[in-house]
2 protein chains.
Amino acid sequence: MQLSEKDQSFVYHFGEMGSKWGFNRTVGQIYALLVISEDALSANDLASALSISRGNVSMGMKELQSWQLVQVSHIPGDRKEYYSAIGSVWDMANRVFQERRKREVDPTLTVLRNLLLEEPKSDSEEYAQQKMQDIHDLLEMLTDWAAELQSLSPQQLGTLMKLGAGVSKVLSVKEQLFNKNKDNS
Amino acid sequence: MQLSEKDQSFVYHFGEMGSKWGFNRTVGQIYALLVISEDALSANDLASALSISRGNVSMGMKELQSWQLVQVSHIPGDRKEYYSAIGSVWDMANRVFQERRKREVDPTLTVLRNLLLEEPKSDSEEYAQQKMQDIHDLLEMLTDWAAELQSLSPQQLGTLMKLGAGVSKVLSVKEQLFNKNKDNS
DNA sequence: TTAAACTTTCAGAAATTACTGAAAGTTTGT
DNA sequence: ACAAACTTTCAGTAATTTCTGAAAGTTTAA
C-alpha cells in the first residue's frame with residue numbers, strides 16, 4: 001500500500017503526537033492511518049503502508065485494542081483480520097481521556113490517599129502534607145468533573161463549549177438560581 | 001540531604017507520573033521535591049537528595065524553567081542559587097496545561113490547517129479530509145474552551161466544577177435565557 | 001491429520017533518551 | 001589579574017524503549 005503525500009503528512013505527524021498522548025510513534029501512525037481510511041485495513045496493509053514489520057503491527061493492534069480504539073472485522077472468503085478505527089472523533093477523544101485518567105491520574109490519587117492517612121510529625125511534614133492534600137483535591141475535582149462532562153451528550157457538550165466567554169455569565173445565573181432555591185426551601 | 005519515607009514515596013511516584021506529563025523521571029522528582037519543600041533548595045541539595053549528578057540537576061532546572069514552574073532566589077552571603085516551586089497548585093496545573101497545549105496541540109492544529117487548504121481529489125481523499133476537519137474542529141474547540149476556563153478566577157472555576165451534575169441543568173437555563181434575549185432583540 | 005494461511009510472541013538488535021563527570025564558562029571578591 | 005565558588009555544557013556511556021524476524025501458536029478446510 002502506498003500513501004498519498006497528504007496522508008503521509010497526517011500519519012507521520014500523528015505518530016509524533018501520539019507519543020505524547022500515551023502510545024508510541026508506530027502505534028500513533030497505525031491509528032492515524034485507520035482513522036482516515038474509509039475501508040478496514042489488514043495487518044499486512046498497515047505493515048507495508050508504514051514500512052514496519054508484521055510483528056510490530058500485531059503489537060500495535062494489541063495496544064490499540066487495550067485502549068478500545070479499534071474494531072476487528074472479516075471479509076467473507078478471506079481469512080485475514082481487518083481493522084478499523086472505532087466511532088466518531090468525539091468517541092476517540094473520550095476514550096483517550098478516560099484511558100489516560102485510568103493509567104495516570106487514578107494511581108496518583110491512590111498514592112496520595114495513602115500518604116495522607118498518616119499524621120504529619122513536624123512543621124515541615126505539615127507543609128508537605130498540605131501540598132499533597134492540595135494536589136489530591138485538585139486531581140479529584142478534575143476527574144469528577146471530567147466524568148461529569150463525559151456523561152453529557154455531544155450536543156450538550158457542544159453547547160457548553162460554544163458558550164465560551166459566556167461561562168462566567170451563566171455562572172452568575174446559576175448563583176441566582178441557587179439562591180432562589182435556597183429561599184424556597 | 002535525606003528524605004523522609006513519605007517524601008520519598010511522593011517524590012518517586014511523581015517521577016514516574018511526571019514522565020507521562022511531558023518531562024522525564026528526574027525532572028519530575030526534582031519538581032516534586034521542590035513542591036513539598038517549604039524552604040528553597042540548592043542544586044547540591046537536590047543532587048544529594050535524589051542521588052543524581054550535579055549536571056543532571058542543572059539540565060533539569062533548565063527544563064523546569066522553560067515550563068515556568070520554578071523560581072530562583074539567593075541567600076545573602078551565599079553564592080549558591082536556591083530553587084523553589086512557583087505559585088499554588090492551581091498555578092502549577094495551569095502552567096502544565098498551557099505548556100502542553102503549546103507544545104502538543106498547537107503544532108497539530110497548524111499541520112491540520114495546512115492539509116485542509118488543499119481540495120480533496122477523490123472520494124477516499126474526501127473521507128480522509130473530513131476526518132481531519134473533525135479533528136481540527138475538536139481540538140480548536142477544546143483549546144478555545146481551555147483558554148476560557150483559564151481566564152476564570154480560581155473561585156469561579158471552583159464553583160463551576162463543584163456544579164458537577166448541575167451543569168446540564170444550568171445549560172437548560174442558559175437556553176431559556178438565550179431564547180428570551182432573542183425575543184427581546 | 002495435514003497443510004495452508006494466517007496471528008502472536010519474544011530474544012536479540014537497533015534506536016532513542018537520559019545521565020555522568022570533567023572541562024569550560026561565569027560571577028564575585030580581593 | 002587572580003582565584004574561589006559556583007553553574008552550564010556536552011562527549012561519551014548507560015538505561016530504556018522500540019522494532020525485527022524467525023519460531024511458535026491458531027484456525028480453517030479438505
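Order of the sequence lines sets the chain letters (A, B, ...), proteins ahead of strands, with each chain counted from 1.
Of all nucleotides listed (dA29(D), dT7(C), dT9(D)), dT9(D) comes nearest to the side chain of K62(B). Of the listed nucleotides (dT7(D), dG21(C), dC19(D)), dC19(D) has the atom at the smallest distance from the side chain of N24(A). With dT28(D), dT8(C), dG21(D) as the choices, the nucleotide that has an atom nearest any side-chain atom of R79(A) turns out to be dT28(D). The side chain of R25(A) approaches dT16(C) more closely than any other nucleotide in the set dT28(D), dT9(C), dT16(C).
Following rounding to the nearest Å, N56(A) (CG) and dG12(C) (C1') show an atom-to-atom distance of 15 Å. In this entry the distance linking CE of M59(A) with P of dT17(D) reads 14 Å, nearest Å. At whole-Å resolution of the value, NZ in K80(B) and C1' in dT28(C) are 15 Å apart. Rounded to whole Å, atom P of dT9(C) lies 11 Å from atom CD of Q65(A). We find that CD of E81(B) is positioned 10 Å from P of dT28(C), with the value rounded to whole Å. Computed from coordinates, the I52(B) CD1 to dT20(C) P distance equals 7 Å when rounded to whole Å.
A sub-4.0 Å separation between OP1 or OP2 of dG21(D) and a side-chain N or O of R54(A) is absent. Residue T26(B) places at least one side-chain N or O under 4.0 Å from the OP1 or OP2 atom of dC19(C).
Taking 4.0 Å as the cut-off between side-chain N and carboxylate O, R95(A) and E99(A) do not count as a salt-bridged pair.
Side-chain contact between Y31(A) and E63(A): absent, with no pair of heavy atoms (C-beta onward) separated by less than 4.5 Å.
Using a 4.0 Å heavy-atom distance criterion, N44(A) is classed as making no nucleic acid contact.
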